[in-house]
**Student:** 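This is the structure I want to talk about, given as structure tokens.
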Amino acid sequence: MRKITVLICALSMVMLCSCNTSPDTPQADHTEAEHEKTLFAMDTYMSLKAYGENGGNVLEKAALQITELEDMLSVTESGSEISQINSADTAAVGISDDTTELLKASLALNKETNGAFDITLYPVSQEWGFTTNDHHIPDDKRLEELLANTGCDKIHLDDAVQKASLDKNVSIDLGGIAKGYAGKIAAETLKRNNIKSALLNMGGNVQTVGAKPDGSAWKVGIQDPEDESLLAGSVEVIDKAVITSGGYERFFIGQDGKKYHHIIDPKTGRPAENGIISSTVIGDDGALCDALSTSFYIMGVDGASEYLSRHHETDAVLIGDDNTLYITKGIEQAFEPLNSFTDARIVVIGKTG
Ligand code: AMP
Ligand code: MG
């Protein structure tokens with residue numbers, strides 16, 4: 001069921017491309033061949049499109065890289081580097097460049113987000129059953145016990161020798177950042193191989209390379225969090241990642257009839273409830289955007305706005321639970337509300353001047 005949902009979402013986001021070439025934009029060759037590679041990786045359907053000569057071969061390379069990253073970073077595959085770290089008790093484990101970079105970024109982001117982004121919540125996610133789909137609602141005492149073994153101060157990374165270890169009973173999971181990182185690495189491979197135009201749609205995560213073949217911006221859809229068949233808006237971007245997190249992506253309905261989703265507030269061990277129902281982050285670095293989209297969902301509008309006022313290079317579109325749209329100044333022109341959001345209240349957050 002989740003796979004079908006993700007596929008519909010992925011397809012609805014693929015190239016919502018209305019042309020937007022300004023009069024002074026040089027027209028590229030419109031006849032550039034389109035190449036597509038589809039795959040199921042990192043628990044989602046992916047559609048990778050590249051334009052121009054040799055696109056097919058380069059996409060094969062990028063797809064292979066994504067599956068290699070999945071094998072390295074997956075928390076559920078027993079041979080992955082993350083599983084090795086988790087099962088090593090407190091021993092230090094040798095790790096690759098990619099895992100080192102991701103752990104380093106995750107630790108830095110934990111600080112930057114005042115603890116909202118926390119990769120040590122894996123035992124809490126397991127307890128809720130998000131990793132096995134065997135869902136249940138833990139009681140307060142159990143959550144308290146589990147939270148005692150969370151916190152990024154319990155991760156020990158020696159990036160000079162590329163080794164990582166954990167305190168006893170601590171486990172990590174890169175589910176909030178790995179897909180964005182994979183998009184970033186795939187985009188770098190495409191560029192290195194002379195691809196000037198590509199659209200990588202990785203289920204809720206979109207990574208663009210350059211502009212569309214005609215030189216205009218990509219138009220990327222943002223899903224309506226309450227109706228997966230509709231879009232809440234779109235953003236026009238060139239050479240950026242557009243990454244969305246939402247409780248609607250993975251959840252279960254408890255016996256009490258309430259919805260419980262997979263983005264965990266590290267302070268409570270419970271699904272985050274801070275007034276946001278969808279969080280999209282737009283920027284140059286897909287891994288950073290991925291971690292921030294998860295974090296903003298937890299931090300709420302005020303926390304996100306405070307972060308964004310210090311980081312002008314990052315843009316965001318947040319949807320509040322009263323359907324207010326919160327957007328940064330940098331994306332004001334590029335953002336268009338759609339469908340039932342056409343008349344929604346829009347509030348500028350982050351740097352307002
Ligand atoms: P995303 O879909 O990118 O928002 O990431 C959600 C996934 O990140 C979850 O399925 C968990 O694997 C993991 N996760 C949940 N809560 C957190 C958190 N507070 N910090 C970091 N990762 C989290
Ligand atoms: Mg994320």
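We count residues from 1, following the sequence as given. One-based numbering, in listed order, for ligands and for the atoms of each. Hydrogens, waters and symmetry mates are skipped; everything else that's a heavy atom, side chains included, is used.
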**Student:** Show the atoms of ligand 1 that are less than 4.0 angstrom away from any heavy atom in Glu249.
**Tutor:**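 In order of number, 2 (O).
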
**Student:** Hey, is Phe117 one of the residues with a heavy atom under 4.0 angstrom from ligand 1?
**Tutor:**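 Flag set, Phe117 near ligand 1.
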
**Student:** Backbone, side chain, both or neither: what part of Ile243 comes under 4.0 angstrom of ligand 1, heavy atoms only?
**Tutor:**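 For Ile243, there is no contact with ligand 1 at all, from either part.
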
**Student:** List the closest protein heavy-atom neighbour of atom 1 (P) of ligand 1: residue, atom name, distance to the nearest 0.1 Å.
**Tutor:**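 In this structure, atom 1 (P) of ligand 1 has Thr294 OG1, 3.3 Å as its nearest protein heavy atom.
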
**Student:** Can you tell me the angle formed at the Mg ion (ligand 2) by O of Gly176 and OG1 of Thr294, to 10°?
**Tutor:** 100°

**Student:** What residue and atom, counting heavy atoms only, is the protein's closest point to atom 16 (N) of ligand 1, and at what distance?
**Tutor:** Ile264 N, 3.1 Å

**Student:** For a 4.5 angstrom cut-off between non-hydrogen side-chain atoms, does Arg345 reach Leu325?
**Tutor:** no

**Student:** Closer than 4.0 Å to some heavy atom of Ser245 - which atoms of ligand 1 meet that?
**Tutor:**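 Per the distance check, 1 (P), 3 (O), 4 (O).
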
**Student:** Is there at least one pair of N or O atoms, one from Ala116 and one from ligand 1, spaced under 3.5 Å apart?
**Tutor:** yes

**Student:** Under a 4.0 Å N-O cut-off, is there an ion pair linking Glu101 with Lys104?
**Tutor:**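 Salt bridge: no.
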
**Student:** Can you tell me which residue and heavy atom of the protein come closest to atom 11 (C) of ligand 1, and the distance to 0.1 Å?
**Tutor:**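 Ranked first by proximity to atom 11 (C) of ligand 1 is Asp173 OD2, 3.4 Å.
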
**Student:** Do Met46 and Leu73 land in one hydrophobic cluster if side-chain heavy atoms of ILVMFWY residues count as linked below 4.5 Å?
**Tutor:**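 Per the 4.5 Å side-chain linkage, Met46 and Leu73 are co-clustered.
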
**Student:** In the single-linkage hydrophobic clustering (I, L, V, M, F, W, Y; side-chain heavy atoms under 4.5 Å), do Leu107 and Val75 co-cluster?
**Tutor:**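 They do share one cluster, since a chain of ILVMFWY contacts under 4.5 Å joins Leu107 to Val75.
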
**Student:** Suppose we only allow N, O or S atoms; which atom of Asp290 ends up nearest to the Mg ion (ligand 2)?
**Tutor:** OD1

**Student:** Do the side chains of Lys196 and Asp239 get close enough for a salt bridge, i.e. N-O under 4.0 angstrom?
**Tutor:** no

**Student:** May I have the step-by-step check of salt bridge (Lys or Arg N to Asp or Glu O under 4.0 Å) for Glu32 and Lys212, ending in yes or no?
**Tutor:** CA-CA 10 Å; Glu32 289 204 272; Lys212 281 165 46 181; over 6 Å; no

**Student:** Using distance alone, decide if ligand 1 has a nitrogen or oxygen within less than 3.5 Å of any nitrogen or oxygen in Ser293.
**Tutor:** no

**Student:** How close does the nearest protein non-hydrogen atom get to atom 20 (N) of ligand 1, and which residue and atom is it?
**Tutor:**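 Of the protein heavy atoms, Asp118 N, 2.9 Å lies nearest.
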
**Student:** Does the side chain of Thr328 reach to within under 4.5 Å of the side chain of Lys351, using non-hydrogen atoms?
**Tutor:**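 Result no, sub-4.5 Å side-chain heavy-atom pair not found.
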
**Student:** Using a 4.0 Å heavy-atom threshold (strictly under), name the region of Leu121 that reaches ligand 1: side chain, backbone, both or neither.
**Tutor:** side chain

**Student:** Could you tell me whether Asp290 and ligand 1 have an N or O pair separated by under 3.5 Å?
**Tutor:** yes

**Student:** Nearest protein heavy atom to atom 5 (O) of ligand 1, by residue and atom, and its distance?
**Tutor:** Gly176 CA, 3.4 Å

**Student:** Between Asp43 and Arg250, is the closest basic N to carboxylate O distance under 4.0 Å?
**Tutor:** yes

**Student:** Is the shortest side-chain N to carboxylate O distance from Glu144 to Lys141 below 4.0 Å?
**Tutor:**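 Judged by the 4.0 Å cut-off on N to carboxylate O distance, Glu144 and Lys141 do not form a salt bridge.
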
**Student:** Start with the C-alpha gap between Trp128 and Tyr260, add the side-chain angles, then the distance that decides, and say whether side chain to side chain contact (heavy atoms under 4.5 Å, CB included) holds.
**Tutor:** CA-CA 9 Å; Trp128 283 93; Tyr260 294 91; 3.5 Å; yes

**Student:** What protein heavy atom sits nearest atom 15 (C) of ligand 1, and how far off is it?
**Tutor:**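 Residue, atom and distance for the closest contact: His262 O, 3.4 Å.
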
